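First the proteins, then the strands, lettered A, B, ... as listed; each starts at 1. None of these values were measured; they are calculated from a predicted model.
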Amino acid sequence: MSNRYSRQELFLKETLPFRKKRALIVGAGALGSALAETLVRAGTGGVTIIDRDYVDWTNLQRQQLYTERDARDQVPKATAAKQRLQSINSEADIKAVVADAGPEELASLIEEQQPHILLDGTDNFETRFIINDLAQKYRLPWVYGACVGSQGISCVVIPGETPCLACLLAVLPAEGMTCDTVGIIAPAVQMTAAFQGAEALKVLAGRKEEIRRELVSFDLWKNTHSSINISSLKKEDCPSCGRQPSYPYLSAERRTKTAVLCGRDTVQVRPPEGRQFHLDQLASMLEKQGTNVKTNGLLLSAVVSGKRVVLFQDGRMLVHGTKNISDAKKLYQQLLG
Amino acid sequence: MRITVNGKQEDIKLARPTIADLLTQYSLQEKTVIIEANGEIIPKDSLSSTHLKEGDRLEIVQFVGGG
Ligand SMILES: [Zn+2]
């Protein structure tokens with residue numbers, strides 16, 4: 001039998017460097033799909049993928065593991081991903097988890113699965129900060145990646161060596177630029193996943209000295225690329241990676257909270273403290289994509305995915321016409337990231 | 001004034017602009033960005049006191065949340 005990894009081995013000058021390695025991919029959307037396929041094709045021994053969502057028609061334009069059939073049957077993304085990945089490489093041990101990637105779920109997956117790396121396939125900053133804290137706590141490298149429009153960004157976080165996401169960003173950005181508000185083209189996904197995937201291979205192959213130490217970003221439409229050495233941004237007193245870490249995003253008060261408002265067929269979604277939204281900016285973004293929006297500067301109201309939502313400046317959102325907490329939370333992160 | 005932003009030559013028409021002025025021109029003033037000017041990262045609170053000059057090389061990285 002001819003060796004399926006021969007071209008990779010020719011480049012790496014190493015046989016089966018990933019066979020005994022496992023990656024935990026958080027999110028099976030566009031980035032998660034691309035990363036999972038890259039790792040499984042490369043011969044990574046184990047891939048665990050967690051996602052709370054199901055396949056929808058609007059996913060097919062860029063989420064490479066899914067088919068029309070998955071969308072028609074509303075198959076959970078993790079399940080559909082596993083099926084496709086297994087048909088790509090039957091030797092890989094693929095574990096699919098259909099669940100919300102909160103701190104407890106992720107912590108127990110890390111303990112049970114013992115991954116060598118955490119990969120960011122999420123679509124929101126809150127989950128990224130949870131990954132960031134867990135990576136420090138369990139001393140695991142993780143690779144940040146995000147994309148929107150024709151832009152993307154990525155960097156590698158290695159505990160004890162590089163700055164972490166909290167060093168780079170003191171607070172959760174609150175700009176509401178997500179794939180659902182400004183859209184996205186598939187090449188932006190592919191490019192971001194390529195930056196993440198290459199570093200993941202280096203980490204898994206143990207090629208430490210070759211890991212990229214820069215924060216990279218690009219815009220494929222404007223044809224720009226930038227790369228910044230961020231090593232000077234590591235903070236001694238960082239709450240996630242500093243000398244006395246408190247892992248703020250693993251504690252309850254830093255988490256998005258939801259509550260069904262009694263008798264009102266409404267769910268309230270409350271973000272972690274310290275987010276201040278620019279409602280006017282968000283309103284004009286939603287208007288541009290044809291949503292009917294009203295704002296008086298203090299609150300914004302709009303109809304999104306058939307539901308009336310009201311957003312307050314402090315980031316609190318009321319989702320009317322539902323009692324389903326996970327639907328409301330999903331809508332919230334679709335809008336605000 | 002000619003500067004390089006993310007590897008591209010830009011002609012800036014503003015008089016004695018600061019980095020903050022440039023961000024406003026790019027509609028990035030309220031976005032989450034990290035800026036490097038001539039190889040040095042510029043702290044957030046210095047953006048409006050750091051003036052640009054001919055030939056400056058700027059790298060602007062904008063954080064986004066999608067995926
Ligand atoms: Zn840190």
How about CZ on A:F312, more than 12 heavy atoms from neighbouring residues, nucleotides or ligands closer than 6.0 Å, or not? yes
Counting heavy-atom pairs under 4.5 Å with chain B, which one of A:L233, A:V216, A:T192 comes out on top? A:L233
Contact leader toward chain B among A:S217, A:G121, A:A34, A:C147, where contacts are heavy-atom pairs under 4.5 Å: A:C147
Part of A:Y144 lying under 4.5 Å from any heavy atom of chain B: side chain
Chain A contact via B:I34 - side chain, backbone, both or neither, heavy atoms under 4.5 Å: both
Does any heavy atom of chain B fall under 4.5 Å from the side chain of A:R62, the backbone, both, or neither of them? neither
Below 4.5 Å from any heavy atom of chain B, which atoms of A:I184 appear? Answer side chain, backbone, both or neither. neither
Of all of A:D219, A:I230, A:T122, A:V189, which one pairs up most often with chain B through heavy atoms under 4.5 Å apart? A:T122
For chain B, the option from A:L215, A:N124, A:D120 that forms the most heavy-atom pairs under 4.5 Å: A:L215
Let me know if A:L168 has heavy atoms under 4.5 Å from chain B in its side chain, its backbone, both or neither. both
Using the rule side chain to side chain contact (heavy atoms under 4.5 Å, CB included), only one of B:E59, B:E36, B:K8 pairs with A:S226; which is it? B:E59
Side chain / backbone / both / neither for A:L35 at chain B, heavy atoms under 4.5 Å: neither
I'd like to know whether CD of A:E287 has more than 12 heavy-atom contacts from other residues, nucleotides or ligands below 6.0 angstrom. yes
Taking every heavy atom of B:I41 against every heavy atom of A:S232, the minimum-distance pair comes out as CD1-OG, 4.0 Å
Nearest 0.5 angstrom please: A:I228 CD1 to B:L58 CG, how far? 8.5 Å
